[in-house]
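What follows is a single structure, written as structure tokens, with notes after it.
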Amino acid sequence: MDHRKLAELLFPDVDRTPEDYEKIYPARDLPEGALVTRLAPSPTGYIHLGNLYGAMVDERLAHQGGGVCYLRIEDTDEKREVEGAVPVLLDVLSYFGINFDEGACKAGTPGSEPVPFEAGAAQRGAYGPYWQSMRSGIYKACVKKLVAEGKAYPCFMTEEEIADIRAAQTAAKLDPGIYGEYARHRDLSLEEAERRLAEGQEYVIRYRSEGDPSKYFTVRDAIRGELSMPQNIQDVVILKKNDLPTYHFAHVVDDHFMHTDIVIRGEEWMASLPIHEQLFGAMGWEIPLYCHTTSLMKIDEATGQKRKLSKRKDPELGLSYYKELGYFPEAVREYLMTILCSDFEEWRIANPDKDYNEFTFSPDKMSDSGTLFDINKLNDVSKDVLARKSAAEIYDFMLGWAEEFDKDKYALLKDNRDMLLKVFDIDRGGEKPRKDLVYAQQIFAFIKYFFDETFEYESEWPAEVSAEDRKEILRRYAESYDPADDNSAWFEKVRGITADMGYAVKPKDYKKNPEMYKGHVGHVSGVIRIAVTGRANSPDLWTIQQIMGREKTLARIAKAAEA
RNA sequence: GGCCCCAUGGUCAAGAGGUUAAGACAUCGCCCUUUCACGGCGGUAACCCGGGUUCAAUUCCCGGUGGGGUCACCA
């Protein structure tokens, strides 16, 4: 069997060899220790927290050592593609602080060239193209070489034939797949292949596996150390009918020619390591260092079991979900960092004011078991992040968020800048800022009583205070209220009303002798608090009134007195 | 089912052959206070099971069990 002839027959137009590409894509000139990483998504238009999680590892590992982080688009499956997915992907990642040095980018990026088929997208860098659909020639050169060496062959089996084989294997409790005797076309004669080709029969190219399942190989994983598994025996497809490679082959070729140092990908890829190890070996290339990140999990409501995040079942874990709720991107990042790296949280406590990029990220500190997504923890991290923000930063963020997601709120926020800066400044700054702001939607709900448009009574009036007393309290309060009073002078007056009306000035007195009083100062204050803010809980009332001003405060009191 | 990964409180997790087995979130209680989702103090709560190695194992080894992943011309 003349394999060279077969290769020529299959790829008459391919005149370049892998050696030629070796020269086109020489080793990168980077400082010692700098790593090349990559994010290689398929353009499905959907990104969830788990994807961001992986992207952060790529970004940090490359950039903390002066390396390169590039974006490669794995668009070898037309069925999954979504129009315009790449610019959206770039926007979302950039929003969360992930930016690339090379590869797919937005149209108009300096030094980039447009890609013909995706509006708004472009690419830059010396190791492209960065869309796999544009790299067909490179893959074919590599496949041709394998065919010429007898390491790959055309397989003409139909889908039905393969399905039948699988059914028979399943019935006989054998491992399913195309291997050994089931790889019926691995030793087709040249004449037979020629004949089928002449007939126009469709085919794929499979790798001819010489693997021995009793033999084990090892690869290094940055998180788990040495990984050991049996050699692959499957004759996997490397070139599909659409003339593009499968993931397995594209991964091997691209990460070789693009000089990726460390392949960061989800742990679901670990199972295909035998294929990748084999393919790297077949091409005579060095295998990269892998970093298989654990999946983000959630408890499935239906089964009560832990499971991997799924794009179909879990829209609430999509990145856009957090953007719409108005989480600060830093909050999401910091949360991901805390679950990604076991030493991050401690570092953050020790360095509350540093940029998270100053943290040194090391793969061996990364989690090696699936992590359950925890919204409580996210919220807690978010509170800490917002506590470090200035009032102006929070205002600006809120404004940007409302502009995109809630026009009504946008108008309110825009028209009340001065007031809101004061609102966001309540108990802010200093050693122990308030930690009650979580995300834009929650923040708005939290401060909505400052606007007449959104004010409403959310709490019940204190049960200790009768309706008549309530009106009397409010009447006296309105009479005595003077915005010029400082906090203690103001509260003295509240105490005065409290005592006059038969309530205990000290809550402890009331607790000791409940029969002697109608209630205590807390109940009286509660009436005023609800009148002004609509709720029983709020930050310091005096401060709130100072911000609202005399007119609005008295209007609220009057309104409540009528209620 | 085969192969692979994983296994410390409800959650995220540190940890070493001998420890009172950290810390964070959640939860509970108390305190502060006119209220609080703020703050302070404290509490409840964990090494999956069985063998082996060892003076000693939660830690190392083996085997179970449990959970997860994967077995496509999808990535």
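Letters A, B, ... mirror the listed sequences (proteins, then strands); counts begin at 1.
Remark: the Glu78(A) side chain and the Asn242(A) side chain contain an N/O donor-acceptor pair separated by less than 3.5 Å. In the model, Tyr53(A) has no side-chain atom that pairs as donor or acceptor with a side-chain atom of Thr371(A) under 3.5 Å. Checked by atom type, the side-chain pair Asp235(A)/Ser209(A) shows no donor-acceptor distance below 3.5 Å.
The nearest whole Å value for the distance from the CG atom in Asp77(A) to the C1' atom in A75(B) is 8 Å. Protein atom CZ of Arg348(A) is 15 Å distant from nucleotide atom P of C25(B), rounded to whole Å. For the pair Ile233(A) CD1 and C71(B) C1', the computed distance is 11 Å after rounding to whole Å. One interatomic measurement links the two molecules: NE2 of His523(A) to P of C36(B), which rounds to 11 Å at whole-angstrom precision. In this structure, the NE2 atom of His248(A) is 12 Å from the P atom of U70(B), given to the nearest Å. Distance CG (Leu273(A)) to P (U70(B)): 15 Å, rounded to an integer number of Å. Between the C1' atom of U35(B) and the CG atom of Asn487(A) lies a distance of 13 Å, rounded to the nearest Å. In this structure, Phe344(A) places its CZ atom 15 Å from P of C25(B), rounding to the nearest Å.
Stacking of Arg72(A) on the aromatic ring of Trp131(A) is not recorded, the 6.0 Å distance cut-off and the 45° axial limit not both being met. Taking the centre and axis of the six-membered ring of Tyr457(A), the NZ or CZ atom of Arg535(A) falls outside the cone set by 45° and 6.0 Å.
Pair assignment for U33(B): none, as no Watson-Crick or G-U wobble contacts are both less than 3.5 Å. Across all strands shown, nothing is found opposite A75(B) as a Watson-Crick or G-U wobble partner with both distances under 3.5 Å. Under the Watson-Crick or G-U wobble criterion, with both distances below 3.5 Å, U59(B) is left unpaired in every strand shown. In this structure, U19(B) forms no base pair with any nucleotide, since neither Watson-Crick nor G-U wobble geometry is met with both distances under 3.5 Å. In this entry U54(B) has no Watson-Crick or G-U wobble partner, no candidate having both defining distances under 3.5 Å. If you check U27(B) for Watson-Crick or wobble pairing at under 3.5 angstrom, you find it paired to G43(B). Pair assignment for G2(B): U70(B), on the basis of Watson-Crick or G-U wobble contacts that are both within less than 3.5 Å.
No more than 12 heavy-atom neighbours from other residues, nucleotides or ligands sit within 6.0 angstrom of CD on Glu83(A). The number of heavy-atom neighbours closer than 6.0 Å to CZ of Arg220(A), taken from other residues, nucleotides and ligands shown, is 12 or below. Atom CD of Glu268(A) sits in a crowded spot, with more than 12 heavy atoms from other residues, nucleotides or ligands closer than 6.0 Å.
Nucleotides G2(B) and U11(B), compared at atom P, are 28 Å apart to the nearest Å. C62(B) and C6(B) have their P atoms separated by 12 Å, given to the nearest Å. Comparing C31(B) with C36(B), their C1' atoms sit 15 Å apart, to the nearest whole Å. Taking atom P on both nucleotides, G43(B) is separated from C48(B) by 24 Å, rounded to a whole Å. Atom P of C5(B) sits at a distance of 14 Å from the matching atom of G64(B), rounded to the whole Å. Separating the C1' atom of A14(B) from that of U59(B) is a span of 13 Å, rounded to the nearest Å. Distance check on atom C1': G66(B) versus C49(B) gives 10 Å, rounded to whole Å. Across A22(B) and G9(B), the matching P atoms stand 14 Å from one another, rounded to whole Å.
Between Tyr203(A) and Phe156(A), the angle of the ring planes lies from 30° to 60°, which puts this pair in the tilted group. Ring geometry for His276(A) against His251(A) counts as perpendicular: the plane angle is over 60°, on a 0 to 90° scale with 30° as the lower cut.
Base engagement by Met157(A) is indicated by at least one non-hydrogen atom pair under 4.0 Å involving a base atom. Residue contacts for Asn379(A): at a heavy-atom cut-off of 4.0 Å it reaches no nucleic acid atom on any strand shown. Thr170(A) comes within 4.0 angstrom of nothing in the nucleic acid, heavy atoms only. Backbone-only contact: Gly522(A) has heavy atoms under 4.0 Å from sugar-phosphate atoms and none from a base.
Nearest nucleotide to the side chain of Asn537(A), out of G69(B), A37(B), C25(B): A37(B). Residue Phe491(A) has its side chain nearest to U34(B) when only A37(B), U70(B), U34(B) are considered. Of the candidate nucleotides A37(B), A75(B), C25(B), A75(B) has the atom lying nearest to any side-chain atom of Ser42(A).
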Set out, in order, the CA-CA distance, both residues' side-chain angles and the distance that settles side chain to side chain donor-acceptor pair (under 3.5 Å) for Asp254(A) and Gln132(A), then state yes or no.
CA-CA 9 Å; Asp254(A) 292 346; Gln132(A) 290 182 332; 2.8 Å; yes
Check step by step if side chain to side chain donor-acceptor pair (under 3.5 Å) holds for Tyr449(A) and Ser538(A).
CA-CA 10 Å; Tyr449(A) 55 81; Ser538(A) 76; 5.0 Å; no
Thr37(A) vs Tyr70(A), side chain to side chain donor-acceptor pair (under 3.5 Å): CA-CA, chis, key distance, verdict
CA-CA 7 Å; Thr37(A) 65; Tyr70(A) 68 90; over 6 Å; no
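In terms of phosphate contacts, Arg434(A) brings no side-chain nitrogen or oxygen within less than 4.0 Å of OP1 or OP2 of A37(B).
Looking at Arg529(A), its side chain comes within 3.5 Å of the base of U34(B) through a donor and an acceptor atom.
The aromatic ring centroids of Tyr439(A) and Phe328(A) lie 6.0 Å or more from each other. Between Trp269(A) and Tyr290(A), the distance separating the two ring centers is not shorter than 6.0 angstrom.
Residue Arg535(A) is the one, among Glu74(A) and Arg535(A), whose nearest nucleotide of RNA chain B lies closer to the 5' end (criterion: closest heavy atom). Both Arg80(A) and Lys173(A) lie near RNA chain B, and the one whose nearest nucleotide falls closer to the 5' end is Lys173(A).
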Quick one, give me the B/S/- string for nucleotides 4-15 of chain B, reading 5' to 3', where B means a protein heavy atom under 4.0 Å from the base and S means that only happens at the primed atoms, P, OP1 or OP2.
SSS----SSSSS
Protein within reach of the bases, or only the backbone? For nucleotides 39-44 of chain B, mark each nucleotide 5' to 3' as B, S or -, using heavy atoms under 4.0 Å.
S-----
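Proximity of residues 202-215 of chain A to RNA chain B (heavy atom under 4.0 angstrom from any strand atom) is restricted to Val204(A), Arg206(A).
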